[in-house]
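Since the structure comes first, as structure tokens, the remarks are kept for the end.
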Amino acid sequence: MLTVETISKQYGENNVLRNISFKVNKGTTVGIIGPNGSGKSTLLKIISGILPSTSGFVNFEGTNIQQLKQKDLARKMAVLSQNGLEPMPISVYDTVMMGRYPHLKWYQRVGAHDVEKVQEVLYLTGINHLQDQLLDTLSGGERQRVAIAKAMVQEPEILLLDEPTTYLDIGHQLNVLELVNYWKEKTALTVVMVLHDLNLASQFCEQLILLNEGEIEKIGSSNEVIQQDILEKVYETIPEIVTHPINQAPQILLTGNLH
Amino acid sequence: MNGMTGPNQHRKKLIIWIPILLIVLFFSVLFSVSVGSAEIDVITVWLVICSKLPWIGEGIDPSWKDSTETIIWNIRMPRIVLGMLVGSALATAGAIYQGVLRNPLADPFILGVSSGSALGAALVFLFGWHTLLLGKLTLPVVAFVSGLFTLFIVYVLARINHRLQMETLILAGVVVQAFISSMLSLTLALAEEKMQTIMYWMMGSLTLTDWSYNGIVLPFIIVSLIIVTFLMRELNMLGLGEEAAYHTGVSVQKVRLVLLIVASLLTGAAVSVSGTIGFVGLIIPHMIRLIFGSDYRVILPLSVIGGAIFLVGADMIARTILEPRELPIGIITAFLGAPFFGYLLRKKKTNYF
């Protein structure tokens with residue numbers, strides 16, 4: 001469904017990404033992991049179309065995404081960026097309604113179907129009671145939910161997330177990922193997300209892409225990627241790997257070499 | 001008022017507030033046309049105006065002097081209508097610039113359109129081109145063209161790798177304005193006895209007007225407003241951040257360019273007939289934002305009417321407060337606007353932008 005084909009990105013002399021290729025199948029959740037500066041966010045930006053690559057291309061169902069019109073792309077792909085939504089004095093309802101934009105022609109006004117969709121999603125994401133509140137009065141976790149609701153209303157086939165849990169506490173982290181998971185199961189959504197937290201990545205993703213210095217170090221299931229020797233090489237620390245007692249995903253423990 | 005948003009709240013706000021503001025505007029015009037150095041009573045004023053209207057006009061018997069009619073219809077009315085148009089144009093342009101540049105300090109003059117116009121106008125005065133080419137329309141046309149040419153230079157300077165960065169755009173505006181200001185100073189230094197005329201034009205005034213001036217700006221304003229009507233959704237979405245807008249399907253670069261051109265056309269049209277009247281474009285959109293929230297579907301229509309009210313009122317004060325002397329209108333707009341703006345800022349200390 002999504003094909004990333006020999007993507008490279010250079011900033012001047014600096015090779016941020018080198019020769020990245022992989023495929024994402026419909027309905028799967030793919031996690032992009034790697035240490036700071038490994039090019040995770042850059043890769044996601046290229047996949048989302050906002051950043052042009054130096055060479056290579058990203059195909060979505062056979063079409064180069066750079067050739068798609070902005071609205072056509074937004075109907076296929078929604079993105080939750082790291083910056084999230086700016087805290088503006090705009091109501092939650094109006095913000096979520098903006099997700100219908102790619103479905104409306106330039107002269108078209110919001111119709112009954114759009115209103116219905118928004119109400120349904122507000123309810124699903126559990127922010128129905130916030131719909132009259134202004135975005136700048138919400139907490140970070142609530143704002144992230146609004147961003148997800150806005151993306152859901154967009155009705156995309158693929159969702160890209162750039163570190164969606166970075167600024168959230170553990171409760172809200174789980175909350176956001178479970179919401180994405182729930183949505184995925186309902187609609188056969190494809191998810192590609194950059195995650196910093198290897199344990200969350202291991203639990204929530206069917207496939208992991210481990211980046212190191214702009215290249216793919218390892219690609220595969222969490223059992224294949226979360227291995228001591230691989231992580232040691234990439235992260236320059238020796239993690240202990242255990243099995244999650246409930247869902248059997250590999251989890252890492254930091255034993256630390258500080259003492 | 002900010003708290004009660006939700007489905008269709010913007011439409012409810014408009015349904016309530018557009019009529020209210022239109023009534024205020026109507027009374028501002030009524031009052032403004034009735035005051036002036038020639039003592040004419042209100043009833044006569046309105047009979048004259050009504051006699052000019054189609055259908056109604058035919059039934060009115062002119063019982064007044066020709067000079068009275070001239071004062072009202074050819075001196076006061078064009079000026080008031082021009083005040084409305086210029087006020088609307090500047091307030092709308094200000095709202096657009098603030099939204100696109102995401103900068104609360106943005107006003108219609110931020111990208112140098114006004115200084116370009118001023119230089120063009122100063123050159124017309126300096127070389128005495130007033131009557132060349134297009135007769136008395138030479139001044140506004142030259143001012144308009146030179147304003148837009150300035151914008152073009154700013155735009156070319158700020159465009160790097162086919163992309164327009166808003167910070168670079170503002171900086172390019174500052175640089176170009178600085179350069180043009182020096183040329184303007186040079187023009188003033190060479191202007192000698194014409195210096196006063198140029199200075200007065202730059203301070204902004206609705207004095208030198210007749211119906212033809214309204215005729216020049218009106219088409220630009222109408223076309224600009226129609227275009228903006230279809231871009232209010234996009235303006236709102238730009239508010240949530242460039243990336244968020246992009247990923248929701250807004251062609252950010254294209255929409256911004258169109259909006260900047262529209263705002264600059266509005267500014268250029270206003271400046272070319274009235275000089276640089278400050279503060280309208282800065283404070284009217286802000287006031288409306290502070291009172292009604294930052295939904296551009298509300299801000300833009302209300303700015304159109306609000307700007308008109310403000311400028312008609314300011315002009316009335318400018319020509320009556322030190323009668324028979326007339327003050328530059330820019331002094332009044334700043335004098336009225338600044339304290340009220342300060343009051344609103346204090347009253348609502350929210351992160352409203």
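What you are looking at is a predicted structure, and each value in this text was computed from that prediction instead of being measured. Side chains included, hydrogens not; waters and symmetry mates left out as well; all remaining heavy atoms used. Letters go in sequence order (proteins before strands), and every chain restarts at 1.
Here the shortest heavy-atom pairing between Thr248(B) and Gly99(A) reads CG2-CA, 3.9 Å. Among all heavy-atom pairs drawn from Arg233(B) and Gln108(A), the shortest one is NH1-O, 2.9 Å. When all heavy atoms of Pro89(A) and Ser294(B) are compared, the closest pair comes out as CG-OG, 2.9 Å.
Thr95(A) is not listed as a side-chain neighbour of Asn236(B), based on a closest heavy-atom distance of 4.5 Å or more. Put simply, the side chain of Lys45(A) reaches to within 4.5 Å of the side chain of Glu243(B), judged on heavy atoms. Taking 4.5 Å as the limit, every side-chain heavy atom of His247(B) sits out of range of all side-chain heavy atoms of Leu73(A). In this structure, Glu234(B) and Tyr101(A) have side chains that are in contact, with non-hydrogen atoms separated by less than 4.5 Å.
Residue with the most contacts toward chain B among Arg75(A), Lys150(A), Lys69(A): Lys150(A) (heavy-atom pairs, distance under 4.5 Å). Counting heavy-atom pairs under 4.5 Å between each of Leu104(A), Thr137(A), Val118(A) and chain B puts Leu104(A) at the top.
Around atom NZ of Lys254(B), no more than 12 heavy atoms belonging to other residues, nucleotides or ligands sit under 6.0 Å away.
Using a distance-only test at 3.5 Å, with no hydrogens or angles considered, no donor-acceptor pair links the side chain of Glu86(A) to the main chain of Gly239(B).
The pair Arg297(B)-Asp94(A) meets the salt-bridge criterion, since a charged nitrogen lies less than 4.0 angstrom from a carboxylate oxygen.
Contact annotation for Leu80(A): neither backbone nor side-chain heavy atoms come within less than 4.5 Å of a heavy atom of chain B. Of the atoms belonging to Val250(B), heavy atoms from both backbone and side chain fall under 4.5 Å from chain A. Residue Arg143(A) does not touch chain B at all, counting heavy-atom pairs closer than 4.5 Å. In this structure, the portion of Met77(A) lying under 4.5 Å from any heavy atom of chain B is its backbone and not its side chain.
Taking CE from Met88(A) and CZ from Arg102(B), the interatomic distance works out to 6.0 Å, rounded to the nearest 0.5 Å.
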